[in-house]
There are 2 protein chains.
Amino acid sequence: MTTVGRMAGVSQVTVSRALSDPSKVSPETLARIHEAIRATGYVPNALAGALASRRSNLIAALVPSFTNIVYSSLLHGFSEIMRENGYQIMLSETGHDPEREQALVEALLSRRPDGVLLTGVHHAPGTRRMLIGSGIPVVEIWDISETPIDCCVGFSHAATGQAAAEFAVKAGYRRAATVTAGDARAIRRRDSFVQSFQRMTGAEVPAVDFQPGTATLAQGRAALVELLDRQGFIGGVVFCSSDQFAHGLLTEAAARGLRVPDQIAVIGFGDQDFAAHTHPALTTIRVDRAVLGEAAAGALLSRFGEGVPGPSVVDVGFQLIQRGSA
Amino acid sequence: MTTVGRMAGVSQVTVSRALSDPSKVSPETLARIHEAIRATGYVPNALAGALASRRSNLIAALVPSFTNIVYSSLLHGFSEIMRENGYQIMLSETGHDPEREQALVEALLSRRPDGVLLTGVHHAPGTRRMLIGSGIPVVEIWDISETPIDCCVGFSHAATGQAAAEFAVKAGYRRAATVTAGDARAIRRRDSFVQSFQRMTGAEVPAVDFQPGTATLAQGRAALVELLDRQGFIGGVVFCSSDQFAHGLLTEAAARGLRVPDQIAVIGFGDQDFAAHTHPALTTIRVDRAVLGEAAAGALLSRFGEGVPGPSVVDVGFQLIQRGSA
DNA sequence: CTGAAAGCGCTAACAG
DNA sequence: CTGTTAGCGCTTTCAG
């Protein structure tokens, strides 16, 4: 910067101003500075800038997994808005592990992010403490809580399970089963579904459970095998914690020549891009992930400004979409 | 750090050493320092550290899209290794746009990453110039080139197309079609397939093409409709640029009651987790993405050490996996 | 509109 | 093993 300044016949500070607030520099000076920048191939050092200004323009984002489309599509919307506003994202995977999340938060805080995005509203106690202590704006997504660390934007997982149960009963189903990945939010959806369904029908609800991690079509197929061959479940609806599972059930049903939804009905979760195009099309629960990601970005941005921060709990809701599978 | 030092009865430098290289500090001093850190809730400032040491421990990674499983699974392997070695990833999406990639590279270089990961080997001229000028280690992935910016780890897309064509001919197919997303690498696979297939059979190869972007099952269904109803294509093999497309073809075939592979045979690309479990299972081309991501991380790490950097072009190869669909 | 001075919080020498 | 002295390359504040 000093070199650039010398070339342009101004001081180093003027170069700094030309870059951060051009309106404070006369047009001619500005032109000479830009010319000098071009000539020298000067690349600003944002590290030094961040140290001096105490603003890193960096956001730390933590999601359970990159490969799960649910989270990656959220990030897509989130990072787009953040990038447009000059922020870069430092992204890490927690693998659904609170301790790992805490270790990452600790490491990331040392880089002085201007904001933090966390997935879910339940964290290790230390995570919460560090984050509150840091005073950095935090947005928790994909769930809601009465007591967020700072703010959260998501929806009620319990409400989705209940909505699915009410839909199933209204559609005439008197038998139900569940297929669930082991993460906390999926379990909450399932528990709520089972409780509502039982309250309304009194029926037992068999369950197939998997470990946390990305749900696969193969697991969905295996789940239907389990339900059909070992639990004797047929002629009812299966509430899945993921469209991936649901797709697997449809695939296994097709392979066996079962009629969907007569012999096996399926409800997914996520409304992934394939859901409307499976055969038959998948009845599922839709959450607008792009909007959610963008809302999360908006929540952080509003906290960066000095103005009144937006509401601290945003419920983006969900929608049960009836198609052919249930 | 000064405060911590005062509390522990040592100077600020000693605290710095205790954190960066504990072996240089006596055990008792170390204990007092850690006690002081706990008491004060001190969080190191990696920004200042990076400025002083000229090592940011930050990696800039650019992929076309977060939501495409191909790239996100690569990143999973890559970021895991990087994280274990103390690096954080700044991640951005280029959306298959070279100009956007260049703008991102420019912005990211100002944060002084210790390494850069780029997807593909073709970039805007300015991108290449900036990167070479910066002297920062760069790894290009998911393709190979004789003339990488620094080093690359990937495979030959042309070779995959040729392998698919040879497989198809050997399996007895005399008619073929292609379904392709518009990105450069998918087009290279397709062109190579068509050229090889035509050379061996002399047959025309009808094509359905889509815009670049994430391939969907719905597009795959639409492609088969197009092939069947408008191009009168049947009784041949369809080479798809993505398993997603292939899955769509299988779905549409099932919906129409077509026999696979007799009436329509399908070859996918990617060997995604569902490929072995579709009905029938998908014949596809497998690239070990986790290994590729890890190799990319290894290539960067070897460049950070002073030792001999590994080879600058790594071909991880691919595998054609025959299942039921072709 | 421009410049001089101070300092962000750390690491890199060099001494002892 | 520990301390002293200089910066890293910017932004901030205060003058002019």
Side-chain angles (χ1 to χ4, degrees), chain A residues 1-34 36-37 40-58 86 88 107-114 134-136 304 306, chain B residues 1-34 36-37 40-58 86 88 107-114 134-136 304 306:
Chain A
M1 218 173 222
T2 313
T3 313
V4 170
R6 196 154 33 214
M7 263 188 96
V10 294
S11 74
Q12 169 268 335
V13 225
T14 306
V15 179
S16 170
R17 274 195 279 257
L19 260 27
S20 56
D21 187 356
S23 72
K24 288 186 166 174
V25 175
S26 80
E28 308 90 70
T29 312
L30 205 54
R32 288 207 314 281
I33 289 176
H34 279 130
I37 288 177
T40 53
Y42 165 76
V43 178
N45 185 326
L47 253 26
L51 182 62
S53 67
R54 297 151 169 292
R55 291 185 49 255
S56 64
N57 282 40
L58 238 32
Q88 283 291 338
L108 286 164
L109 283 182
S110 75
R111 302 202 182 258
R112 297 293 187 271
D114 290 341
S134 74
I136 296 172
F304 297 157
E306 287 308 305
Chain B
M1 218 174 222
T2 313
T3 312
V4 170
R6 195 154 34 214
M7 263 188 96
V10 294
S11 77
Q12 170 267 336
V13 225
T14 306
V15 179
S16 170
R17 274 196 279 258
L19 259 29
S20 56
D21 188 356
S23 73
K24 288 185 166 174
V25 175
S26 80
E28 307 90 70
T29 312
L30 205 56
R32 287 207 313 281
I33 289 175
H34 279 129
I37 287 176
T40 53
Y42 165 77
V43 178
N45 184 328
L47 251 27
L51 182 62
S53 68
R54 298 151 168 292
R55 291 185 48 256
S56 64
N57 283 40
L58 237 34
Q88 282 292 335
L108 286 164
L109 282 182
S110 76
R111 302 201 182 259
R112 298 291 187 273
D114 290 341
S134 74
I136 296 173
F304 297 158
E306 286 309 304

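Predicted model, so just to flag it, every value in this text is computed and none were measured. Lettering follows sequence order; numbering is per chain, from 1.
Evaluation of the ring-ring contact (aromatic ring centres under 6.0 Å, His included) rule for B:Phe304 yields B:Tyr87 as partners, not counting sequence neighbours. By the side chain to side chain contact (heavy atoms under 4.5 Å, CB included) test, A:Met7 is found to be paired with A:Ala36, A:Ala39, A:Thr40, residues two or more places apart in sequence or in another chain being considered. Residues that satisfy the side chain to side chain contact (heavy atoms under 4.5 Å, CB included) test with B:Thr2, not counting sequence neighbours, are B:Gln12. For A:Ser11, the side-chain hydrogen bond (donor to acceptor under 3.5 Å, both in side chains) partners at least two apart in sequence or on another chain are A:Thr14. For B:Asn45, there are no side-chain hydrogen bond (donor to acceptor under 3.5 Å, both in side chains) partners two or more places apart in sequence or in a different chain. Residues passing the side-chain hydrogen bond (donor to acceptor under 3.5 Å, both in side chains) test with A:Ser110, sequence neighbours excluded: none. Residues passing the side-chain hydrogen bond (donor to acceptor under 3.5 Å, both in side chains) test with B:Arg55, sequence neighbours excluded: B:Asn57.
Taking a 4.0 Å limit (strictly below) on heavy-atom distances, residues 4-16 of chain A reaches DNA chain D at A:Gln12, A:Val13, A:Ser16.
Of the possible donor and acceptor atoms, one in the side chain of A:Arg112 sits under 3.5 Å from a partner among the backbone N and O of A:Leu109.
Take the nearest nucleotide of DNA chain D for B:Lys24 and for A:Leu19: the residue whose nucleotide is more 5' is B:Lys24.
Residue A:Thr2 is classed as having no contact, given no heavy-atom separation below 4.0 Å to the nucleic acid. Among the protein residues, B:Ser23 comes within range of the sugar-phosphate backbone only, with heavy atoms under 4.0 Å from sugar or phosphate atoms but none that close to a base.
The nearest pair of heavy atoms linking A:Met1 to A:Ser16 is CE-CA, 3.5 Å.
The separation between A:Glu28 atom CD and C:dT2 atom C1' is 13 Å, rounded to whole Å.
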Could you list the protein-to-nucleotides 7-9 of chain C atom pairs, N/O on both sides, closer than 3.5 Å?
unit_1, atom_1, unit_2, atom_2, d
C:dC8, O3', A:Arg54, NH2, 3.0
C:dC8, O2, A:Ala52, N, 3.3
C:dG9, OP1, A:Arg54, NH2, 3.0
C:dG9, N2, B:Ala48, O, 3.3

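You can see that DNA chain D meets the heavy atoms of chain B within a 4.0 Å-exclusive cut from D:dC1 to D:dG9, reading 5' to 3'.
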List the atom pairs, donor and acceptor, that lie under 3.5 Å between side-chain atoms in residues 25-34 of chain B and the rest of the protein, sequence neighbours left out.
unit_1, atom_1, unit_2, atom_2, d
B:Ser26, OG, B:Thr29, N, 3.3
B:Ser26, OG, B:Thr29, OG1, 2.6
B:Arg32, NE, B:Ala8, O, 2.9
B:Arg32, NH2, B:Ala8, O, 3.2
B:His34, ND1, B:Leu30, O, 3.4

